[in-house]
**Q** 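Here it is, the structure, as structure tokens.
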Amino acid sequence: MTTTHLGRLSDRVAIITGAGHGIGKVYARRFVAEGASVVLADIDGSSVEEGAEELRKKGFQAIGVQVDVRDQGSMNAMADAATSAFGKITVLINNAALFATVPMSRSPFNEIEVEEWDRMMAINLRGPWLAARAVFPAMTKQGYGKVVNISSGTALKGSASRIHYVTSKAGILGFTKTLAREMAPSGITVNCVAPGSTLSEEHPDADTLAMRDAAKSDRAIARVQHPSDLEGAVVFFASADSDFITGQTLVIDGGSFMH
Ligand SMILES: NC(=O)c1ccc[n+]([C@@H]2O[C@H](COP(=O)([O-])OP(=O)(O)OC[C@H]3O[C@@H](n4cnc5c(N)ncnc54)[C@H](O)[C@@H]3O)[C@@H](O)[C@H]2O)c1
């Protein structure tokens, strides 16, 4: 099936955190195809430099910035880079996480190290909060903005391991609702996408392929989920089509968790 790009994000400037690898990189490619200028932000600086260069070579507007979402100074510098390059910030996609590229352990709850628990919360929860704080002045000034947070289906269904990750992604659900209420007076919508298990790894090993394949079993649409399955919903929440929708979480998992 071919996807028609309709310029849904024309004249929008989007910051995508965690855009160096995996699903965030795929969002960046789709966003420019929909007409956006993008800021690819990642702790892996060379990945976003290369990603932005690849997009510019195709005639798109893109810059790469090396960031650490745990740090307010770094998030402020990211927002400054966006406004310096493109004059405004319309969209923030809070996608960076401790997950696959910067890997987490998939241990039982009583074996996870305290240090990793704290690192998880710093990246997956403090990060989106600091990023939201950083873009808020620019969005408030223009009286318009779109924030899209990335949670996980595991926050709705539970998981038999990695309680630190699931807890952080459950935090994103409440974070989304509260931020939606606080930002609405400034004309900013805040929504959330909760992906199911997605084959996002660039070089998946046999165990990873088996894990992603096993997720088919409780889906109404019984196939492996790919990053491209998520793009449309994120574009929707970043576009004017969702301007009267805020505080919502959309589950994208082929009909595994239904609510
Ligand atoms: N793949 C899945 O099965 C799945 C399922 C549900 C939710 N998600 C969520 O989707 C998002 C993308 O996941 P992915 O599968 O592409 O994983 P990924 O690990 O490939 O991508 C995360 C990105 O965040 C970056 N990052 C890590 N720490 C950072 C930091 N401190 N500052 C800035 N950037 C940092 C990484 O370098 C990486 O590029 C994540 O929020 C993840 O939790 C993924």
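In each ligand, atom 1 is the first atom listed, and ligand 1 is the first ligand listed.
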**Q** Given Ala97, Gly18, Ala96, which one has a non-hydrogen atom that is nearest to atom 27 (C) of ligand 1?
**A** Ala97
**Q** Specify side chain, backbone, both or neither for Lys169, according to which of its non-hydrogen atoms lie closer than 4.0 Å to ligand 1.
**A** side chain
**Q** Counting each atom of ligand 1 from 1 as listed, which ones have a heavy atom of Val67 under 4.0 Å away?
**A** 32 (N), 33 (C)
**Q** Starting from atom 36 (C) of ligand 1, find the nearest protein heavy-atom neighbour and note its residue, name and distance.
**A** Asp42 OD1, 3.5 Å
**Q** With only distance considered, is Ala100 within less than 3.5 Å of ligand 1 through an N or O on each side?
**A** yes
**Q** So which protein heavy atom does atom 4 (C) of ligand 1 come closest to, and at what separation?
**A** Phe99 CZ, 3.7 Å
**Q** Taking 4.0 angstrom as the limit and counting only heavy atoms of Tyr165, give me the atoms of ligand 1 inside it, by number and element.
**A** 6 (C), 7 (C), 8 (N), 9 (C), 42 (C), 43 (O)
**Q** So, does Arg219 use its side chain to make a donor-acceptor pair with the main chain of Arg223 at under 3.5 Å?
**A** yes
**Q** Counting only heavy atoms, tell me which of Val65, Thr101, Ile23, Thr198 gets closest to atom 18 (P) of ligand 1.
**A** Thr101
**Q** Report the nearest protein non-hydrogen atom to atom 10 (O) of ligand 1: residue, atom name, distance rounded to 0.1 Å.
**A** Ile150 CG2, 3.5 Å
**Q** Measure the spacing between CZ of Arg30 and OG of Ser228 and express it to the nearest 0.5 Å.
**A** 9.5 Å
**Q** Between ligand 1 and Ile43, is the shortest N or O to N or O distance under 3.5 Å?
**A** yes
**Q** Check whether Ser151 reaches the backbone of Lys169 with its side chain - one donor and one acceptor, N or O, closer than 3.5 Å.
**A** yes
**Q** Looking only at non-hydrogen atoms, which of Ala215, Gly20, Gly24, Ser200 approaches atom 1 (N) of ligand 1 most closely?
**A** Ser200
**Q** Considering only heavy atoms of Asp68, which atoms of ligand 1 have at least one such atom less than 4.0 Å away?
**A** 30 (C), 31 (N), 32 (N)
**Q** Would you compute the distance between atom CG of Leu92 and atom CE of Met78 and round it to the nearest 0.5 angstrom?
**A** 6.0 Å
**Q** Show the nearest heavy-atom pair for residues Phe31 and Ile93, with the distance to one decimal.
**A** CZ-CD1, 3.9 Å
**Q** Within the 4.0 Å heavy-atom shell around Ser197, which atoms of ligand 1 are there?
**A** 3 (O)
**Q** Just which atoms of ligand 1 are under 4.0 Å from any heavy atom in Ser151?
**A** 7 (C)
**Q** Please compare Asn94, Val69, Asp44, Leu40 and report which has the shortest non-hydrogen distance to atom 32 (N) of ligand 1.
**A** Val69
**Q** Just need the protein heavy atom nearest to atom 5 (C) of ligand 1, so name the residue and atom and give the distance.
**A** Gly196 O, 3.4 Å
**Q** Looking at Ala132, is its backbone amide N or carbonyl O close enough to the side chain of Asn94 to form a donor-acceptor pair, meaning the two atoms are under 3.5 Å apart?
**A** no
**Q** Could you walk me through whether Lys157 and Asp253 pass the salt bridge (charged side-chain N to carboxylate O under 4.0 Å, His left out) check?
**A** CA-CA 12 Å; Lys157 296 165 66 178; Asp253 65 359; 5.0 Å; no
**Q** Hey, are Arg106 and Asp207 close enough for a salt bridge, meaning a charged N less than 4.0 Å from a carboxylate O?
**A** no
**Q** Has His259 got more than 12 heavy atoms of other residues, nucleotides or ligands less than 6.0 Å from its NE2?
**A** yes
**Q** Is Arg212 near ligand 1, meaning one of its heavy atoms is under 4.0 Å from it?
**A** yes
**Q** Output yes when Arg29 and Glu54 qualify as a salt bridge under the 4.0 Å nitrogen-oxygen rule, no when they do not.
**A** yes
**Q** Atom CG of residue position Asp11 - does it have more than 12 heavy atoms of other residues, nucleotides or ligands inside 6.0 Å?
**A** no
**Q** With a 6.0 Å cut-off (strictly less than), is the heavy-atom count around NZ of Lys177, excluding the residue itself, greater than 12?
**A** no
**Q** Is the shortest distance from a heavy atom of Leu98 to ligand 1 less than 4.0 Å?
**A** no
**Q** Under 4.0 Å from a heavy atom of Gly22: which atoms of ligand 1 are those, numbered in the order shown and with their elements?
**A** 16 (O), 20 (O)
**Q** State whether a side-chain donor-acceptor pair under 3.5 Å links Ser197 with Arg212.
**A** yes
**Q** At the 4.0 Å heavy-atom cut-off, does Thr17 count as touching ligand 1?
**A** no
**Q** Quick test: of every protein heavy atom, which one is nearest to atom 6 (C) of ligand 1, and how far off is it to 0.1 Å?
**A** Pro195 O, 3.2 Å
**Q** Would you say Asn95 and ligand 1 have an N/O pair spaced under 3.5 Å apart?
**A** yes
**Q** Take atom CD of Gln72 as the centre, draw a 6.0 Å sphere, and report whether it contains more than 12 heavy atoms from other residues, nucleotides or ligands.
**A** yes
**Q** With backbone taken as N, CA, C and O and side chain as the heavy atoms from C-beta onward, which portion of Gln225 lies under 4.0 Å from ligand 1: side chain, backbone, both, or neither?
**A** neither
**Q** Does Gly153 reach ligand 1, in the sense of a heavy atom lying below 4.0 Å from it?
**A** no
